[in-house]
Novice: 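One structure, pasted below without further comment.
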Amino acid sequence: ANSVKSAMQAALDSTALMLSKEAATDTPAQLQANGTAYFKALFNRPDAPNPVITASYTTAGGSSVVVNGSAPMQTNFMGIFGYNTININGTSTTKWGSTRLRVALALDNTGSMSSDGKMTALKSATKSLLGQLQAAASNNGDVYVSIIPFSKDVNVGSTYYNANWIDWDDWDDDNGHDNSTQTCTSTKTGKNGKSTKKCTTTTTWVPDNHNTWNGCITDRDMTQVPNTTTDYDQSAQNPDPTVPASLFPAEQYGSCPVAMMGLNYNWASMSSLVDSMQPNGNTNQPIGLVWAWQSLVGGGPLVAPLTSSDYQYQKIIILLSDGLNTEDRWYSSQSQVDNRMYQTSNGSGTCANIKASGITIYTIQVNTGGDPTSTLLKNCASDSTKFFIVTSANQILTTFNKIGTGLTQLRVAQ
């Protein structure tokens, strides 16, 4: 009986795995018929000649196939004691899709990406990764992806010019024109005296209409988030219109990247966005990273989809950059920009804050110019296995495929 049970369990496990490949498209009758055929091809025990199995498929809490089997086994010696048969039972469950993915892509769109075919390779690799992630989704909503192109700034989209989460103070100071008005008064001396005219010119600054904004956002203020030691530029805390320091500052940056796209599963639209990316501007990895984080939790223009207790969620950021940090809102010194992202002295900064929130970070350094290995990107990754350095543009595709393969292994057998 133990031998029959072992053989039955092995056949049930294999049957459940095979049915998982077709369960989403089979009718219940087809699933049952195919399951029976698979099982009987694997289970061949003359001492248990009439096995019966049932196969079912459900998408509640992720997709799963359950296969139950039973068979009466004829006895010889036990018949003396009145036991002519022993029922052998087994079950096997194959689950997949019980883990859902939320993936944010922070992609370097700076001017240096124009050399050595890097931007072309990035576009191809990103679209290939999107294809992998799409294929991993059994149902809409299993996998969401956001795309955050960055240079010195990010682009949230110019249509939000009336939003209450934007800080316009610096933009109003930098974009506008002088408006001059002249006021004249005349005075007359004596009965037949001459008139004297005196004019005063007043010049006032008139900010441009906000609907002329190009959608670019620069780093948030360094003012600390209440009750924490985290600055707003290193945080994904939602903006609060009553707290000016928490708002996202508008900037009319001349090398504004294409507009970002929050978490979604519109694969065609994401592919079109990738095609529209163009290399321009200076490098500010921290702003790309923090907006990738913002996309996973929501805030401002980005809405994170609701979660369900029926699922587990993996939140992932993939940051790719080919260069050293060169400029942010305040600095044009690499070390100072680096410190906003990861402060070597104490391990704090945006990277540490993201990892502390339970999000996994992958970092990729595209190094086609023989630069030193980026300690910053290496330290920012969640662990050493999640930092990659590529020395040619075509390795971007290989690296993205490797990461994508790891992310899409959602199938778990019980």
Novice: Between S112 and D322, is there a side-chain donor-acceptor contact under 3.5 Å, judged purely by atom types and distance?
Specialist: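 Yes.
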Novice: What's the shortest heavy-atom distance between R340 and T350, and which atoms?
Specialist: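 That would be O-OG1, 3.2 Å.
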Novice: Could you tell me whether the side chain of T360 reaches within less than 4.5 Å of the side chain of I317, counting heavy atoms only?
Specialist: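 SC-SC contact between I317 and T360 ruled out.
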Novice: Examine distances only and state if a side-chain atom of S271 and a backbone atom of A268 form a donor-acceptor pair shorter than 3.5 Å.
Specialist: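 It does not hold such a pair.
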Novice: Give the minimum heavy-atom separation between W293 and S357, together with the two atoms involved.
Specialist: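 What the structure gives for the nearest pair is NE1-OG, 3.8 Å.
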Novice: Could you tell me if the side chain of M341 sits less than 4.5 Å from the side chain of C351, heavy atoms only?
Specialist: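 Of all side-chain heavy-atom pairs linking M341 with C351, at least one is under 4.5 Å.
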Novice: Please report the closest heavy-atom contact between N339 and Q343, naming both atoms and the distance.
Specialist: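 That closest heavy-atom pairing would be O-CG, 2.7 Å.
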Novice: Taking the six-membered ring for Trp and the full ring for Phe, Tyr or His, determine whether the centres of Y160 and W165 are under 6.0 Å apart.
Specialist: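 When the ring centroids of Y160 and W165 are compared, they turn out to be within the sub-6.0 Å range.
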Novice: Decide whether S308 and R100 meet the rule of one side-chain donor and one side-chain acceptor closer than 3.5 Å.
Specialist: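 Side chains of S308 and R100: no pair found under 3.5 Å.
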Novice: Does any part of the side chain of V258, heavy atoms only, come nearer than 4.5 Å to the side chain of L273, both counted from C-beta?
Specialist: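 Sidechains of V258 and L273: in contact.
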Novice: Please report the closest heavy-atom contact between V4 and M73, naming both atoms and the distance.
Specialist: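 Closest approach of V4 to M73: CG2-SD, 3.8 Å.
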Novice: Counting distance only, does the side-chain N/O of K118 pair as donor-acceptor with the main-chain N or O of V366 below 3.5 Å?
Specialist: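 Such a contact is absent between K118 side chain and V366 backbone.
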Novice: Does Q312 CD have over 12 foreign heavy atoms under 6.0 Å away?
Specialist: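 At most 12 heavy atoms, drawn from other residues, nucleotides or ligands, come within 6.0 Å of this atom.
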Novice: Decide yes or no on side chain to side chain contact (heavy atoms under 4.5 Å, CB included) for F150 and M260, but give the supporting numbers first.
Specialist: CA-CA 9 Å; F150 69 90; M260 65 178 67; over 6 Å; no
Novice: Between atom CG of N353 and atom OG of S348, what is the distance when rounded to the nearest 0.5 Å?
Specialist: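 Separation between the atoms: 7.5 Å.
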Novice: Using side-chain heavy atoms (C-beta onward) and a distance below 4.5 Å, is M113 in contact with L122?
Specialist: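 Answer yes - side chains close enough.
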Novice: For D219, does its backbone N or O pair with a side-chain atom of R329 as donor and acceptor, under 3.5 Å?
Specialist: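 Between the backbone of D219 and the side chain of R329 there is a qualifying donor-acceptor contact (under 3.5 Å).
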Novice: Enter the distance from D142:CG to T99:OG1 here, rounded to the nearest 0.5 Å.
Specialist: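 So the gap between those two atoms works out to 10.0 Å.
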Novice: Got a sec: does the NZ of K123 have more than 12 other heavy atoms crowding it under 6.0 Å?
Specialist: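 More than 12 within 6.0 Å, yes.
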Novice: Give every residue pair that meets the ring pair (Phe, Tyr, Trp, His ring centres under 6.0 Å) criterion with at least one member in residues 330-367, sequence neighbours excluded.
Specialist: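 Found none.
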Novice: Give the intermediate values and the outcome of side chain to side chain contact (heavy atoms under 4.5 Å, CB included) for residues T93 and V65.
Specialist: CA-CA 6 Å; T93 300; V65 167; over 6 Å; no
Novice: Quick one: does S14's side chain have a donor or acceptor within less than 3.5 Å of a partner on A11's backbone?
Specialist: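 Here the side-chain-to-backbone pair does not exist.
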Novice: Are the side chain of N179 and the backbone of T204 linked by a donor-acceptor contact shorter than 3.5 Å?
Specialist: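 The answer is no, because no donor-acceptor pair under 3.5 Å joins these two groups.
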Novice: Any side-chain donor paired with an acceptor under 3.5 Å for D208 and N175?
Specialist: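 Result is no, nothing qualifies.
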Novice: Nearest 0.5 Å, please: how far is CZ in F388 from CG in N367?
Specialist: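 Rounded to the nearest 0.5 Å, the CG-CZ separation comes out at 15.5 Å.
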Novice: Please name all residues satisfying ring pair (Phe, Tyr, Trp, His ring centres under 6.0 Å) with Y144, sequence neighbours left out, ordered by chain then number.
Specialist: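 So Y144 forms a ring pair (Phe, Tyr, Trp, His ring centres under 6.0 Å) with Y265.
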Novice: Is there side-chain contact between Q182 and C184, with at least one heavy-atom pair below 4.5 Å?
Specialist: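 The answer is yes, as the side chains (C-beta and beyond) meet within the 4.5 Å cut-off.
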Novice: How about D178 and T203: does a side-chain donor come under 3.5 Å of a side-chain acceptor?
Specialist: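 D178 vs T203: no donor-acceptor pair found between side chains.
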Novice: With side chain to side chain contact (heavy atoms under 4.5 Å, CB included) as the criterion, how do F248 and D167 come out once you've worked through the C-alpha distance, each side chain's angles and the decisive distance to 0.1 Å?
Specialist: CA-CA 6 Å; F248 299 118; D167 175 6; over 6 Å; no
Novice: Output, in order, the C-alpha distance, side-chain angles, deciding distance and verdict of side chain to side chain contact (heavy atoms under 4.5 Å, CB included) for Y253 and N282.
Specialist: CA-CA 11 Å; Y253 184 48; N282 292 332; 4.2 Å; yes
Novice: Regarding Q285 and S321, is there a side-chain donor-to-acceptor distance under 3.5 Å anywhere?
Specialist: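 Side-chain D/A pair, Q285 to S321: present.
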Novice: Taking all atoms of both residues into account, what is the closest heavy-atom pair of A304 and V297, and its distance?
Specialist: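 Heavy atoms only, the tightest pair is CB-C, 3.7 Å.
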Novice: Does a side chain donor of either N68 or T91 reach within less than 3.5 Å of an acceptor in the other side chain?
Specialist: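 Looking only at side-chain atoms, T91 and N68 do form a donor-acceptor pair, the distance falling under 3.5 Å.
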Novice: Looking at side-chain heavy atoms only, is the closest gap between L101 and Y313 below 4.5 Å?
Specialist: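 SC-SC contact between L101 and Y313 ruled out.
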Novice: With rounding to the nearest 0.5 angstrom, report the CG to OG1 distance, N280 to T110.
Specialist: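 It comes to 9.0 Å.
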Novice: For a quick check under 3.5 Å, do N34 and E22 share a side-chain donor-acceptor pair by atom type?
Specialist: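 Their side chains do contain a donor-acceptor pair, which is all the 3.5 Å distance test asks for.
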Novice: So, for S295 and I148, which heavy atoms are closest and what is the spacing to 0.1 Å?
Specialist: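 Result for this residue pair: CB-CD1, 4.3 Å.
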Novice: Would you confirm whether S151, through its side chain, and G281, through its main-chain N or O, come within 3.5 Å as a donor-acceptor pair?
Specialist: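 Not confirmed, S151 side chain does not pair with G281 backbone.
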Novice: Would you compute the distance between atom OG1 of T307 and atom NZ of K315 and round it to the nearest 0.5 angstrom?
Specialist: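 Going from OG1 on T307 over to NZ on K315, the span is 7.0 Å.
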Novice: Can you find a heavy atom in the side chain of W267 that is under 4.5 Å from one in the side chain of L133?
Specialist: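 Answer yes - side chains close enough.
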Novice: Does P372 offer a backbone N or O that forms a donor-acceptor pair with the side chain of Q365 under 3.5 Å?
Specialist: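 Side chain of Q365 to backbone of P372, a donor-acceptor pair under 3.5 Å: yes, one is there.
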Novice: Do I361 and T363 have side chains that get closer than 4.5 Å, going by heavy atoms?
Specialist: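 They are in side-chain contact.
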Novice: Checking the side chain of N155 only, and the main-chain atoms of P257 only, is there a donor and an acceptor separated by less than 3.5 Å?
Specialist: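 Confirmed, N155 side chain pairs with P257 backbone.
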Novice: How are the rings of W168 and W171 set relative to one another: parallel (under 30°), tilted (30 to 60°) or perpendicular (over 60°)?
Specialist: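 Judged by the thresholds at 30° and 60°, the geometry between W168 and W171 is perpendicular.
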Novice: For the CG atom of N325 and the OG atom of S332, what is their distance to the nearest 0.5 Å?
Specialist: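 Separation between the atoms: 12.0 Å.
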Novice: Determine whether a donor-acceptor pair (N or O, by modelled atom type, separation under 3.5 Å) exists between the side chain of S235 and the backbone of D231.
Specialist: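 Checking the backbone N and O of D231 against the side chain of S235, no donor-acceptor pair under 3.5 Å is found.
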Novice: Are more than 12 heavy atoms from other residues, nucleotides or ligands located less than 6.0 Å from atom CG of N2?
Specialist: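 Not buried by this count: 12 neighbours or fewer within 6.0 Å.
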Novice: Is a side-chain donor or acceptor of Q132 paired with a backbone partner of K402 at a separation under 3.5 angstrom?
Specialist: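 Such a contact is absent between Q132 side chain and K402 backbone.
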Novice: Which residue is it: T405, I318, N401? I am looking for the one with a side chain to side chain contact (heavy atoms under 4.5 Å, CB included) to L129.
Specialist: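 Passing option: I318.
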